[in-house]
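Just so we're clear, the structure is a prediction, and the values are computed from it rather than from any experiment.
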Amino acid sequence: MNGSLYLWLIPLLPFAGFLLNGVFGRRFPKWLATTIGLAAPLVSFAVAVNAARGLLGFAPAYASLPYVETCPVGWINVGALHVGFSFVLDQLSMVMLLVVTGVGLLIHIYSVGYMHDDPGYARYFSFLNLFLFFMTTLVLAGNALLMFIGWEGVGLASYLLIGFWFYKPSAANAGKKAFLVNRIGDFGFLIGLFLILANFGTLSFSGVAAKLATSPAWHGGVLTAIALFLLLGATGKSAQLPLYIWLPDAMEGPTPVSALIHAATMVTAGVYMIARTHFLFDRSPFALGVVAIVGAATAFFAATMGLVQNDIKRVLAYSTISQLGYMFLGCGVAAYSAAIFHLMTHAFFKGLLFLAAGAVIHALGGEQDMRKMGGLWKKMPVTFATMTAAVLAICGIFPFAGFFSKDAILYAAYLNNGVGGKILWGVGLVTALLTSLYMFRLWYMTFLGEPRSEAAHHSHATPNSMLAPMVILGVLSLCGGWIGMERFGGFLAPAAGAMPTAHGSEHLEIILSIVAVLVALEGWLIADKYYRRKPERPAQLAAAVPGCYKTLTHKYYVDEFYGAICVKPLLAVSEYVLDWIVDVAILGGAAWLLAGIATFVGAILQRWQSGNLRSYAAWLAAAAAAALLFILVPWAAAWPASIHFIFRTAGR
């Protein structure tokens, strides 16, 4: 292959933007901080598009996949272990890279208007650029260790952006919660990495795949252990059961952060990692079954909690968890291409949902309670139109993007024979009903009816810098799935494996798609009945089943459960062990002993510095006497012999 695609520029440019705005941003005028903050993702996206253009055959010099770009400087060379800074661009990383840089650029542009008056404007763009640096590193990584560097980096950037308004205790606590919960998953990823190194002698994805290809009979066993530890890492980063609890609280960060990190990019890293290491999961039916069950359970579980949320961003947070569950379900039935297809379309419509929610919050002066909204469609027609497209897409209504990707996952689940495909399909179908219900609930409560607060009555216009990205994502939410699963899956097959189509047929797929659309329409009809025609019914239903309603509003008491069995015991143990034993007994005792010695010595030495001349004279005399005694003592031992010598001499 001639020349270079300069893949290293894609992460390097955002890192340069992070340094410039992070170090000098306070001194920069706002236009300069904005230029630096937007130039980094813009040029990175341009490089990514140019690379895709070349590798898709539009430039003869770059006409083959995968394309590997390796730094000439080595990284780790210990014995037989060689780990380098290698970037790999194949079908899988190309799709992910275009999503990350493309959607990332749109959200950077949106942020110009949303964060315009924030005193931390330059710091905000610095953190966004830092995130883009680590996320693109994760996507392009050619080995597990480099991916882990990006993996940890996006966790750091997420912590900084969730707690961006650190002076708010809720934001600071949410950042800490996300950071600590993700450490559990990251520990699993690290153990999986060690097991890969111990059993394959390499951390290169292509190297591991090549060694597995030479051992076709190798299934289960240590491969299952590796896959399950990697799954633990994925459940943390992608907010799946049981480590999903950090994502709803992450909504404390600025809304564009929620759109970029906690909807379109970072939270999909777990799905991407499983697809990237699919050759390991394919050798363990048990691990695949666990992935499918975790995904289906998470999708349904989160959807039920989304039904009763009143904070517009928290509805979208639980919706994100649920949609990520669909992606895990796709991976669990070995339909990795379908999972990545849904990852791509989800980035379009969920990013748009968050941006539209941000426009509403911005127009209402920071109000996020949907019960205080209503009647906004007249005052915000562009926001209303784009959010409508996103709602139809996430509900899977034809011909919007979500219809094609979600139905591909449900179809693959139906055909699966490993874990009970019909059961998985049924759970996914019920989740689709709940998704349609809570998303149209949000749509009705936010935009239709009459304004229910002063903020809704006096909402202001949305800046054009915020509207333009929403319109682009609205178009993608409509037509982003028209490429079709067959062509998309065929393109991804060399990197993510072929779609499972055994025992399927075109007629069966059409029937299942019609059923899914009818279920989504049923959810819309229920929402229309309860939130437009008979708006008093939701309160009556909640009063009729208070236990169920209370359980859902308290999110199944999962946070309280974790607090009781994990947080409080750890705090109690740390308080006893660290506070009383380590701090008070050991460190405090050592400090008391040293202080006592210092006090005792000081009590003696302080008499030398009393300030009394007579005392100084007495000490001087005592010292002189001691010195004289020290000199004379050796002579005293010789006195008897000296006297005897004197008398003998006198006698003579």
Side-chain angles (χ1 to χ4, degrees), residues 34 37-38 41 103-118 120-121 124-125 127-128 131 158 161-162 164-165 168 170-171 174 247-267 309-320 346-370 372-374 376-377 379-391 393-394 439 442-443 445-447 455-456 459-474 476-477:
T34 302
L38 295 184
V103 176
L105 173 61
L106 293 176
I107 293 173
H108 275 71
I109 295 171
Y110 177 94
S111 297
V112 174
Y114 192 88
M115 301 294 290
H116 184 268
D117 298 323
D118 196 282
Y121 185 83
Y124 170 82
F125 275 100
F127 290 166
L128 274 191
F131 166 78
S158 177
L161 287 164
I162 293 171
F164 179 78
W165 291 315
K168 293 170 55 180
S170 58
L247 184 56
D249 291 342
M251 299 301 106
E252 291 291 339
T255 302
V257 171
S258 302
L260 176 62
I261 297 182
H262 307 123
T265 56
M266 187 196 81
V267 291
Q309 300 298 313
N310 293 311
D311 184 315
I312 188 170
K313 287 180 66 176
R314 285 187 177 263
V315 175
L316 298 180
Y318 284 108
S319 170
T320 299
H346 179 263
F348 301 152
F349 59 71
K350 183 55 64 63
L352 174 56
L353 286 169
F354 270 109
L355 296 189
V360 170
I361 295 168
H362 187 269
L364 271 62
E367 182 60 65
Q368 295 183 198
D369 192 334
M370 296 187 299
K372 297 179 181 179
M373 298 179 185
L376 296 178
W377 73 274
K379 298 184 177 182
M380 308 177 70
V382 176
T383 301
F384 172 69
T386 54
M387 180 170 262
T388 300
V391 168
I394 193 174
M439 287 309 305
L442 178 150
W443 187 68
M445 292 181 69
T446 302
F447 291 104
S459 58
H460 57 78
T462 304
N464 289 332
S465 62
M466 295 169 61
L467 291 178
M470 291 164 56
V471 171
I472 295 172
L473 288 175
L476 291 173
S477 296

**Asked** Would you call Leu260 and Phe131 a side-chain contact if the rule is heavy atoms closer than 4.5 Å?
**Response** yes

**Message:** Nearest 0.5 Å, please: how far is CD1 in Ile312 from CZ in Phe354?
**Reply:** 9.5 Å

**Asked** With side chains defined as the heavy atoms from C-beta onward, is the minimum distance between Val382 and Val471 less than 4.5 Å?
**Response** yes

**Intermediate values then yes/no, side chain to side chain contact (heavy atoms under 4.5 Å, CB included), Leu355 and Met466** = CA-CA 8 Å; Leu355 296 189; Met466 295 169 61; over 6 Å; no

**Any donor-acceptor pair under 3.5 Å from Ser111 side chain to Ile107 backbone** = yes

**Request:** First locate atom CD1 of Ile261, then atom CD1 of Ile162, and finally report the distance between them rounded to the nearest 0.5 Å.
**Result:** 7.5 Å

**Message:** Quick check for you: to the nearest 0.5 Å, what is the distance between Asn310 atom CG and Met445 atom CE?
**Reply:** 5.5 Å

**Request:** Pick out which of Phe164, Tyr114, Trp165 makes a ring pair (Phe, Tyr, Trp, His ring centres under 6.0 Å) with Tyr124.
**Result:** Phe164

**Complete:** Here the pair of heavy atoms bringing Lys379 nearest to Ser459 is CD-OG, 3.1 Å

**Asked** Do Met251 and Val257 have side chains that get closer than 4.5 Å, going by heavy atoms?
**Response** no

**Asked** Between atom NZ of Lys313 and atom OG1 of Thr320, what is the distance when rounded to the nearest 0.5 Å?
**Response** 11.0 Å

**Request:** Without swapping roles, check the side chain of His262 against the backbone of Val267 for a donor-acceptor pair under 3.5 Å.
**Result:** no

**Message:** Is any side-chain heavy atom of Leu353 closer than 4.5 Å to one of Met387?
**Reply:** yes

**For the student: nearest non-hydrogen atoms of Thr255 and Gly358, plus distance** = CG2-CA, 3.5 Å

**Audit row: Thr462, His362, side chain to side chain contact (heavy atoms under 4.5 Å, CB included) steps and yes/no** = CA-CA 8 Å; Thr462 304; His362 187 269; 5.6 Å; no

**Asked** Which pair of non-hydrogen atoms, one from Pro254 and one from Met115, has the smallest distance, and what is that distance?
**Response** CB-SD, 4.0 Å

**Fill in**
dist Leu473:CG -> Lys350:NZ (nearest 0.5 Å) comes out at 13.0 Å

**Item:** Heavy-atom pair with the smallest gap, counting every atom of Leu247 and Ala317
**Value:** CD2-O, 4.0 Å

**Asked** Where the side chain of His108 meets the backbone of Gly104, is there a donor-acceptor pair that is under 3.5 Å apart?
**Response** yes

**Item:** Under 3.5 Å: donor-acceptor pair, side chain of Thr446, backbone of Trp443
**Value:** no

**Asked** Is Lys372 atom NZ crowded by more than 12 heavy atoms from other residues, nucleotides or ligands, each under 6.0 Å away?
**Response** no

**Flag side-chain contact, heavy atom, 4.5 Å: Asn464 against Leu467** = yes

**Prompt:** Closest heavy-atom contact between Gly351 and Ala259?
**Reply:** O-CB, 3.9 Å

**Message:** Within this structure, what is the CZ-CG distance for the pair Phe348 and Leu106, rounded to the nearest 0.5 Å?
**Reply:** 9.5 Å

**Asked** Does the Gln309 side chain pair with the main chain of Asp311, one donor and one acceptor, at a distance under 3.5 Å?
**Response** no

**Asked** So, do Ser258 and Leu316 sit near enough that their side-chain heavy atoms are less than 4.5 Å apart?
**Response** no

**Item:** Closest non-hydrogen atom pair between Met266 and Ser158, with its separation
**Value:** SD-CB, 3.6 Å

